[in-house]
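Remarks on the structure that follows.
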Amino acid sequence: NAGVTQTPKFRILKIGQSMTLQCTQDMNHNYMYWYRQDPGMGLKLIYYSVGAGITDKGEVPNGYNVSRSTTEDFPLRLELAAPSQTSVYFCASRVERWAQHFGDGTRLSIL
Amino acid sequence: AQSVTQLDSQVPVFEEAPVELRCNYSSSVSVYLFWYVQYPNQGLQLLLKYLSGSTLVKGINGFEAEFNKSQTSFHLRKPSVHISDTAEYFCAVLQAAGGTSYGKLTFGQGTILTVHP
């Protein structure tokens, strides 16, 4: 049972490039989340989804997009990368019992 | 809206000493409370959670936390720490039900616990 899997683990982008951070979970969880983590700031919610076909904005959605076509996958898209998006990105999922399961993160640098 | 404040950004402690990591929250509705631990270059791992019932909850690795509704606090404690407890710890709250915040965790800023030999 792999849990929540994020790819890639590391990536360097140039300003203006685009990329998709992948997140897959094999626990059949309805709820999925994308967070970014910056030093001393805790985790900030970017987007979340309560099920396939349903997504909603979190605290810091600007510059990102998501889709949820299946229960398993919840990719995060950066269309025009900016230096302010340099961060560590975490995907998480949960069922109704409230505890979120986290992936190991994607470390993204934009230069 | 809900918010979480972790009162200490860094806590140094010697091995085998007790430790308390402080967390205060604010919310206009009932909440569930969590503590997560993050080891270097890893994701977050659930330590313990408070959903209802006894206000003293026990988690993994010998940690426990006490929910105090009147003081809106959820402090994390361990009576004797080990070197391996060195990590960053996050307190988080989740609105219990309904409203616009349903299902969304709000995290504190994190507390870095460093255990010295």
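Because only heavy atoms are used, hydrogens play no part in the values below, and waters and symmetry mates are left out as well, while side chains stay in. Chain identifiers are assigned alphabetically (A, B, ...) following the order of the sequence lines, protein sequences preceding nucleic acid strands; residue numbering begins at 1 within each chain.
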Does the separation of the ring centres of [X] and [Y] fall below 6.0 angstrom?
X        : Y       : value
A:Phe102 : B:Tyr36 : yes
A:Tyr35  : A:Phe90 : no
A:Tyr48  : A:Phe74 : no

Less than 4.5 Å to any heavy atom of chain A: does that hold for the side chain of B:Glu88, its backbone, both, or neither?
side chain
Less than 4.5 Å to any heavy atom of chain A: does that hold for the side chain of B:Leu46, its backbone, both, or neither?
side chain
Options B:Ser9, B:Gly43, B:Ala92, ranked by heavy-atom pairs under 4.5 Å with chain A, top entry
B:Gly43
Do you know which of A:Glu59, A:Arg107, A:Lys9 has the most heavy-atom pairs under 4.5 Å to chain B?
A:Arg107
Of the backbone (N, CA, C, O) and the side chain (C-beta and beyond), which part of A:Leu45 lies under 4.5 Å from a heavy atom of chain B, both, or neither?
side chain
Heavy-atom distances under 4.5 Å only: say whether A:Gln6 touches chain B with side chain, backbone, both or neither.
neither
Hey, can you pull the donor-acceptor pairs under 3.5 Å for the side chains in residues 107-117 of chain B, sequence neighbours left out?
| from | atom 1 | to | atom 2 | distance (Å) |
| --- | --- | --- | --- | --- |
| B:Gln109 | OE1 | B:Gln6 | N | 3.4 |
| B:Thr111 | OG1 | B:Gln6 | NE2 | 3.1 |
| B:Thr111 | OG1 | B:Asp8 | O | 2.6 |

Is the closest basic N to carboxylate O distance between B:Asp85 and B:Lys78 below 4.0 Å?
yes
